[in-house]
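Note on naming: letters A, B, ... go to the chains in the order of the sequence lines (proteins, then strands), and numbering restarts at 1 for each one.
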Number of protein chains: 2
Amino acid sequence: MILIADDEERDRNWLKSLLKENFADNGPIEEAHDGQQAVDQALKLKPPLVFLDIKMPHLSGIKAAEQILNALPNTGIIMLSNFSDEVYVRQLWKVVPPNGVFGYVLKNASNEQVVEATRAVLSGDCWIHPGIARVIQRTQNRATNLTTAEYEALVCIALGMTDHAIAKRLYLTEKAVQSRLKSLYAKLGIPGRGESHDTEFNQRCRAVFLSTKRGLINQSELDDWETKLAQETKAGT
Amino acid sequence: MILIADDEERDRNWLKSLLKENFADNGPIEEAHDGQQAVDQALKLKPPLVFLDIKMPHLSGIKAAEQILNALPNTGIIMLSNFSDEVYVRQLWKVVPPNGVFGYVLKNASNEQVVEATRAVLSGDCWIHPGIARVIQRTQNRATNLTTAEYEALVCIALGMTDHAIAKRLYLTEKAVQSRLKSLYAKLGIPGRGESHDTEFNQRCRAVFLSTKRGLINQSELDDWETKLAQETKAGT
DNA sequence: TATCCCTCTGGGGTAAACCCGGAAGGCAAT
DNA sequence: ATTGCCTTCCGGGTTTACCCCAGAGGGATA
């Protein structure tokens, strides 16, 4: 029994036919169309292996994985993602138990790679797509890894908030916010006003650009944050 | 004879099998792996119909279409895209001849939609994916459509440039840059400092956020702009 | 021709974003 | 406990981005 959760029909079909060819003895293949269905199906059917697309309506693949692993820690999880976004690796690291079994494959992976990953997870190993190896490296590097404080500030400026608005929202001084931003700029390697005379940057926008480029943040995540923000400010007033 | 240009093997195979099933009498199906190959193949084979993925290495689908249409104006073009990004519609509108024959389908289209689009273009009609209908509407709406000047400014702030840097680059006054930005903010509907007391925004970052959300700009386009920028500044000094 | 819109220009002001140094707190090491 | 290190926070300054006003030239439309 293998469960596939993906909102795109084409990807589901592709994966299903691939699994049917190579893993016919692992029982039937079930499908889910969003994160919530994936959790429901997983808790009911208790499959040993679940494929989860990261970007799904209602409930992201990460959160679905969290809920599934809470109830059934021995479930093997293979995440599917379109991009090697650092946001996701970052979140996933917090969710997966230290010795959990999981795989991470990009959607542009070859068929062989997917089969390999599936085989690995089924036999209790992990399989990480080579494309995100350096991303994981970066999340563990002191000089470039962002702290939670810096990450919060990053999300806020990416949404277009002012220092004052960020301060009010996070219960900080404006100075504290600026301090966070300052260290954020430093870690992203953005030159200040004095240095690097040939290229002038608006650090705030530059930080957003570079972070998006490196996959520290991405649009769909930001959209989630924005709706969350709108709800809280509505409740707050 | 039908030519398919896409850098993703999976998408090529999907499209190829789909075409073979439904359009077997249209001759063989040729493939290209990037934009440059697509142009070369098209000029050599002169196929009546070409599928072009927008996001390809070396040469984007848009530019490939431009070159192909320059040499063979009667070629039918069907663009493939992952997202309903306004940038592309914007560019495509300039490239395609007024009465040119083309289609635009998103990659999450159903098989039926692709067949429909193919049939339409082969018989001399256009086929536009419903998902981007409103985008096209927006590109023709006075109040929300961005002018070239505003678009240039948008790209620059998205890259993280300061007013001064933008002015120097576009040979303008800082005042002119600010003027462009002001009208840009207005069209995006971003409130200024005085108005809307509950929500404060850094207009600059907010503009980038909203534009990305609405598909006016996207990361891969910005990356292209940045390399172009780096080259020109290198040549300029 | 008259009208509209876009764009650039100018002066002059306010508030926000950024720079400097310094100091309180947690954490690890020895 | 002391020393170091890092993160986070604070205060006093400078620069940049944004605001309001008004006006003029170019281009398209009618």
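In this view, B:K213 and A:E226 satisfy the salt bridge (Lys or Arg N to Asp or Glu O under 4.0 Å) rule, not counting sequence neighbours. Residues satisfying the side-chain contact (heavy atoms from CB on, under 4.5 Å) test with A:L170, not counting sequence neighbours, are A:E152, A:I166, A:L172, A:R180. B:D7 pairs by the salt bridge (Lys or Arg N to Asp or Glu O under 4.0 Å) definition with nothing, not counting sequence neighbours. With sequence neighbours excluded, the residues forming a side-chain contact (heavy atoms from CB on, under 4.5 Å) with A:D34 are A:Q36, A:Q37, A:P57, A:H58, listed by chain and number. Here A:K107 pairs with A:D6, A:D11, A:D53 under the salt bridge (Lys or Arg N to Asp or Glu O under 4.0 Å) rule; sequence neighbours left out. Every side-chain contact (heavy atoms from CB on, under 4.5 Å) that B:T147 has, sequence neighbours left out, goes to B:A149, B:E150, B:K187. The side-chain contact (heavy atoms from CB on, under 4.5 Å) check on B:A158 picks up B:V208, B:I217, B:L222, with sequence neighbours excluded.
In this structure, the nucleotide among C:dA16, D:dC18, C:dC18 sitting nearest to the side chain of B:E200 is C:dA16. Of the candidates C:dC20, C:dT7, C:dC18, C:dC18 carries the atom nearest the A:Y185 side chain, counting heavy atoms from C-beta on.
Straight-line distance from the NZ atom of B:K187 to the P atom of C:dC5: 11 Å, rounded to whole Å. A:L170 places its CG atom 12 Å from the P atom of D:dT8, with the value rounded to the nearest Å. A straight line from CZ of A:R206 to P of C:dA17 spans 20 Å, rounded to a whole angstrom. Between the NZ atom of A:K168 and the C1' atom of C:dA16 there is a distance of 15 Å, rounded to whole Å. For A:N202 and C:dA16, the CG to P distance is 16 Å, given to the nearest whole Å. Atoms NE2 (B:H164) and P (C:dC18) sit 18 Å apart, rounded to a whole Å. Counting to the nearest Å, the C1' atom of D:dC9 and the CD1 atom of A:I166 are 16 Å from each other. When rounded to the nearest whole Å, the span between CD of A:E150 and C1' of D:dC9 equals 13 Å.
Note on A:T162: only backbone sugar-phosphate atoms sit closer than 4.0 angstrom, heavy atoms only; bases stay farther off. Using a 4.0 Å heavy-atom cutoff across all strands shown, B:T147 reaches sugar-phosphate atoms only and no base atom. Backbone-only contact: A:Q203 has heavy atoms under 4.0 Å from sugar-phosphate atoms and none from a base. Within the 4.0 angstrom heavy-atom criterion, no nucleotide atom of any strand lies near B:S183.
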Expected rows: protein N/O vs nucleotides 10-14 of chain C N/O, under 3.5 Å:
from   : atom 1 : to     : atom 2 : distance (Å)
C:dG11 : O6     : B:K175 : NZ     : 3.1
C:dG12 : O6     : B:K175 : NZ     : 2.5

Under 3.5 Å, which N/O atoms of the protein pair with N/O atoms of nucleotides 26-30 of chain D?
none

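A donor-acceptor pair under 3.5 Å is formed between the side chain of B:T118 and the backbone N or O of B:V114. Checking side-chain atoms of B:R206 against main-chain N and O of A:L159 turns up a donor-acceptor pair under 3.5 Å.
The shortest distance between side-chain heavy atoms of A:K228 and A:D224 does not fall below 4.5 Å.
Toward the 5′ end of DNA chain C lies the nearest nucleotide of A:M161, the other residue of the pair A:M161 and A:K182 mapping further downstream.
Within the 4.0 Å cut-off from OP1 or OP2 of C:dC8, at least one side-chain nitrogen or oxygen of B:R180 is found.
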